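The residues of the chain are indexed from 1 along the displayed sequence. Quantities reported herein were computed from a predicted structural model and do not represent experimental measurements. Start at 1 and go down the list; that is how both ligands and their atoms are numbered.
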Amino acid sequence: MKTIAIVSTAGGTGRTTLTAALAVLLARRGRQMVALDFDPQNLLGAHLGLDSLAPAGVTQALLDETGAWHAHTWRNAEGVLFVPYGAVSLAQCARCDARLAAEPQWLANALAQLDLPHDGAVVIDTARYPSQQADQAVRSADLVLCVTPPEPAACATLIAHLHALRRGCANLRIIVNRLNPARDMQRDALAMLGAALGDGLPLAQRIHLDAALPESFARGTWLFDDAPHSQASHDLQGLANWLDTWLAEGLAERFANSRPANSRRTGTPR
Ligand SMILES: Nc1ncnc2c1ncn2[C@@H]1O[C@H](COP(=O)(O)OP(=O)(O)O)[C@@H](O)[C@H]1O
Ligand SMILES: [Mg+2]
């Protein structure tokens, strides 16, 4: 089981949209997926099929020492298991943050209790970085997808936090979302980001701006079903394919490393 954290240093970058879409696209590729909402905005459930904001979720486990978030797990029509964050007042929000600050391994311990098949994955939607939620998700993750629009302010905040993010998880990739190649300013912002990243972090994945994406969400459908040949659908499928391959490679590596030594035929058979 691998953990993928979706983070960003700016608001409204598409974290929740991507978390839900990737969970569904990977489930359609046959993987057992868990989507975890680790953002007090509590919107992931709405993307995955709930009619209203879920009243309960991870917060029950955070606010009550004995509470278990497994009790608040849902399964959507595509077979994705998901756990909402739950509705929180300002005071409860502060208590959740205080607990996470006091127990830096809280999320890692909670994830360790999940009983998913080896080829399954957990994808975590997070509060904007820096936050307790995003920090714990980054440190618990095997892979961090850092979402940014190609806008100067968003890219500048990402560059400012890049070192801390990579310290939390060395396996980090940048996802440029809402790309509109017609805008010169976006090209400049991408050039600035590329220069700051250097050769170590290629800007491999891009998702184009598509006004139909929020409309699909409002209708309770998926863009990749409504408009499968659109550029943004193609981009999302491409990202899901890349993740699916990454998950399969991790599994192959794991089996190779766990094979008994005497099954490795390195010499010439006699
Ligand atoms: N590629 C895109 N093209 C157009 N709109 C997008 C795209 N990605 C996200 N959005 C829209 O941007 C808004 C914010 O997305 P959301 O996933 O809620 O961001 P976050 O979780 O980072 O705050 C939503 O209305 C969403 O539909
Ligand atoms: Mg969100």
Side-chain angles (χ1 to χ4, degrees), residues 4-25 35-50 52-54 57-59 76 80 82-88 93 96 123-138 141 144-151 153-155 157-158 161 165 173-183 185-186 189-190 203-240:
I4 303 165
I6 314 284
V7 305
S8 70
T9 54
T13 58
R15 293 184 307 268
T16 309
T17 305
L18 272 188
T19 305
L22 292 174
V24 165
L25 288 172
L36 177 65
D37 194 348
F38 215 38
D39 182 351
Q41 270 208 319
N42 193 26
L43 269 173
L44 183 64
H47 281 258
L48 286 168
L50 295 185
S52 56
L53 301 186
V58 182
T59 45
N76 89 340
V80 174
F82 66 97
V83 188
Y85 193 78
V88 274
C93 203
C96 289
V123 56
I124 309 175
D125 185 18
T126 59
R128 184 172 62 167
Y129 187 92
S131 61
Q132 296 297 336
Q133 290 83 1
D135 176 57
Q136 294 223 358
V138 167
V144 170
L145 300 183
C146 200
V147 192
T148 184
E151 306 287 342
C155 290
T157 61
L158 172 56
H161 291 292
L165 284 165
R173 290 186 82 89
I174 310 290
I175 310 292
V176 172
N177 186 27
R178 295 228 206 91
L179 182 69
N180 181 354
R183 288 183 60 203
M185 190 190 65
Q186 290 201 348
L190 281 180
L203 287 170
Q205 274 92 7
R206 298 174 182 207
I207 299 166
H208 284 74
L209 177 84
D210 192 331
L213 211 149
E215 286 177 22
S216 291
F217 168 55
R219 274 197 302 271
T221 57
W222 298 104
L223 179 74
F224 35 81
D225 294 332
D226 296 341
H229 302 298
S230 66
Q231 180 65 55
S233 294
H234 182 76
D235 298 338
L236 287 167
Q237 296 282 5
L239 181 55

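For the atom pair Q41 CD and R15 CZ, the distance stands at 7.0 Å (nearest 0.5 Å). Rounding to the nearest 0.5 Å places CG of L44 at 11.0 Å from CD1 of I124. Taken to the nearest 0.5 Å, the OG atom of S233 stands 12.5 Å off from the NE2 atom of H208.
Looking from atom 17 (O) of ligand 1 to the surrounding protein, the closest heavy atom is T17 OG1, 2.5 Å. Counting only heavy atoms of the protein, atom 8 (N) of ligand 1 lies nearest to N177 ND2, 2.9 Å. At the top of the distance list for atom 21 (O) of ligand 1, counting protein heavy atoms only, stands T16 OG1, 2.8 Å. Among protein heavy atoms, the minimum distance from atom 3 (N) of ligand 1 is reached at D210 N, 2.9 Å. P214 CD, 3.6 Å is the protein heavy atom nearest to atom 5 (N) of ligand 1. The protein heavy-atom contact nearest to atom 19 (O) of ligand 1 is G14 N, 3.0 Å.
Among the atoms of T19, no N, O or S atom is found under 2.8 Å from the Mg ion (ligand 2).
For ligand 1, the atoms closer than 4.0 angstrom to any heavy atom of T13 are 19 (O), 20 (P), 22 (O).
Between F217 and H47, the ring planes are parallel. Angles under 30° get that label, and only those over 60° would be called perpendicular.
Of the possible donor and acceptor atoms, none in the side chain of D37 sits under 3.5 Å from a partner among the backbone N and O of V83. Between the side chain of Q133 and the backbone N or O of F38, no donor-acceptor pair lies under 3.5 Å. Remark: the backbone N or O of Y129 is not paired with any side-chain donor or acceptor of T9 at under 3.5 angstrom.
Between atom 22 (O) of ligand 1 and the options R178, R15, Q41, E215, the minimum heavy-atom separation is to R15.
Under a 4.0 Å heavy-atom criterion, H208 is in contact with ligand 1. Contact analysis puts G12 in contact with ligand 1, with a non-hydrogen atom separation below 4.0 angstrom.
No donor-acceptor contact under 3.5 angstrom links the side chains of D39 and T126, judged on distance only.
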